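A short worksheet on the structure shown next.
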Amino acid sequence: MDLEEMSEEESPDVYDAAWSLLKGADGILVPGGFGARGIQGKILAAKYARENNIPFLGVCLGMQIAVIEFARNVMNLHDANSTEFDANTRNPCVVFMPEGSKTHMGGTMRLGLRRTYFIVKDCKSAKLYGNVKYVDERHRHRYEVNPDWVAKLEKSGLSFVGKDESGRRMEVLELPMHPYYIGVQFHPEFKSRPAKPSPAFIGLIAASCAQLDILLKAQCCNNLLPTKMATSNEFSGTKSLHNGHPKCIASETC
Ligand SMILES: NC(=O)CC[C@H](N)C(=O)O
């Protein structure tokens, strides 16, 4: 919230401190959350990371924030929003999931372990997970990237590299030209352990220390990353391009 314009007027010192903290960061993580509080500041943090090539990881709400920011500032749709924050937005890039319920709150979220298929081989997240075909991670959300927006978001340069089994639910996004800009709809922290940290966090930290290339090379050649979380070591081959990434279409290993 301290990054937001309102804070500049109300408490300029707090505002300046928040921006200098952000500008001094080697990496930025926007975590999960619910409700509209602080959303504008999160969007500003994602914009700053995208425009200044700062490593960024968006988790759950953080991924949805990355999509809103991209729609607003890259696609110039300034009122783009999630229907969680503006039910009547003309540009709903994030929407309520059809199977959810707004009246029954107990257990109606999309919860628990779900499968994400990597549909793009040559992307950072698939490499970090050990070049697997799919990964099972835990979820906790009611909203999702609007499936009807995926084609236009991709046309503008955002790449959805991981999807659920239906292919209509977006699970992982990347900006291919950015050093590390990843959003995950799942919660990698739920399965992360001190001795077996989630690949999404290892990648963020490596990128923040300018070590990502070395890490990915090591991962590709020697399988040095903890890949026990991954469920398969097979991966698909590549041919056609998918937003700057080769798209997997045939079986092939690294
Ligand atoms: N866990 C989260 O970050 C949830 C994100 C968002 N509020 C949703 O329900 O989809």
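We count ligands from 1, going down the list as the structure has it; atoms in each ligand are counted the same way. Heavy atoms only: backbone and side chains are in, while hydrogens, waters and symmetry mates are out. No experiment lies behind these values; they were computed from the predicted model shown.
- At the shortest separation from atom 1 (N) of ligand 1 among protein heavy atoms lies R140 O, 2.8 Å.
- Annotation: atom 10 (O) of ligand 1 to nearest protein heavy atom, Y143 N, 2.7 Å.
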(request) Just do the side-chain contact (heavy atoms from CB on, under 4.5 Å) check on N146 and V94 with the steps written out, would you? (result) CA-CA 5 Å; N146 187 342; V94 176; over 6 Å; no

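- Ring-plane geometry between Y181 and F56 is classed as parallel, the angle between the planes falling under 30 degrees on a 0 to 90 degree scale with a further cut at 60.
- In summary, the atoms of ligand 1 found under 4.0 Å from a heavy atom of G32, numbered by their order in the structure, are 3 (O).
- A salt bridge does not link K42 with E4: none of the charged nitrogens is closer than 4.0 Å to a carboxylate oxygen.
- Residue Q64 places a heavy atom less than 4.0 Å from ligand 1.
- Close approach of ligand 1 to F34 is summarised as follows: ligand atoms under 4.0 Å from at least one heavy atom of the residue are 1 (N), 2 (C), 4 (C), 7 (N), 9 (O).
- Protein heavy atom nearest atom 6 (C) of ligand 1, with residue, atom name and distance: E84 OE1, 3.3 Å.
- Across V74, N52, N73, a single residue satisfies side-chain contact (heavy atoms from CB on, under 4.5 Å) together with K47, and that is N73.
- Looking from atom 5 (C) of ligand 1 to the surrounding protein, the closest heavy atom is G33 O, 3.3 Å.
- Looking only at protein heavy atoms, the nearest one to atom 9 (O) of ligand 1 is R142 N, 2.9 Å.
- Note: H141 and H139 have tilted aromatic rings, judged against thresholds of 30 and 60 degrees for the angle between ring planes.
- With a 6.0 Å radius and a threshold of 12 heavy atoms from other residues, nucleotides or ligands, E5 has its CD atom at or below the threshold.
- Residue contacts with ligand 1 include H187, since one of its heavy atoms falls under 4.0 Å from the ligand.
- Within 6.0 Å of CZ in R140 there are 12 or fewer heavy atoms belonging to other residues, nucleotides or ligands.
- Considering only non-hydrogen protein atoms, atom 2 (C) of ligand 1 sits nearest to C60 SG, 3.0 Å.
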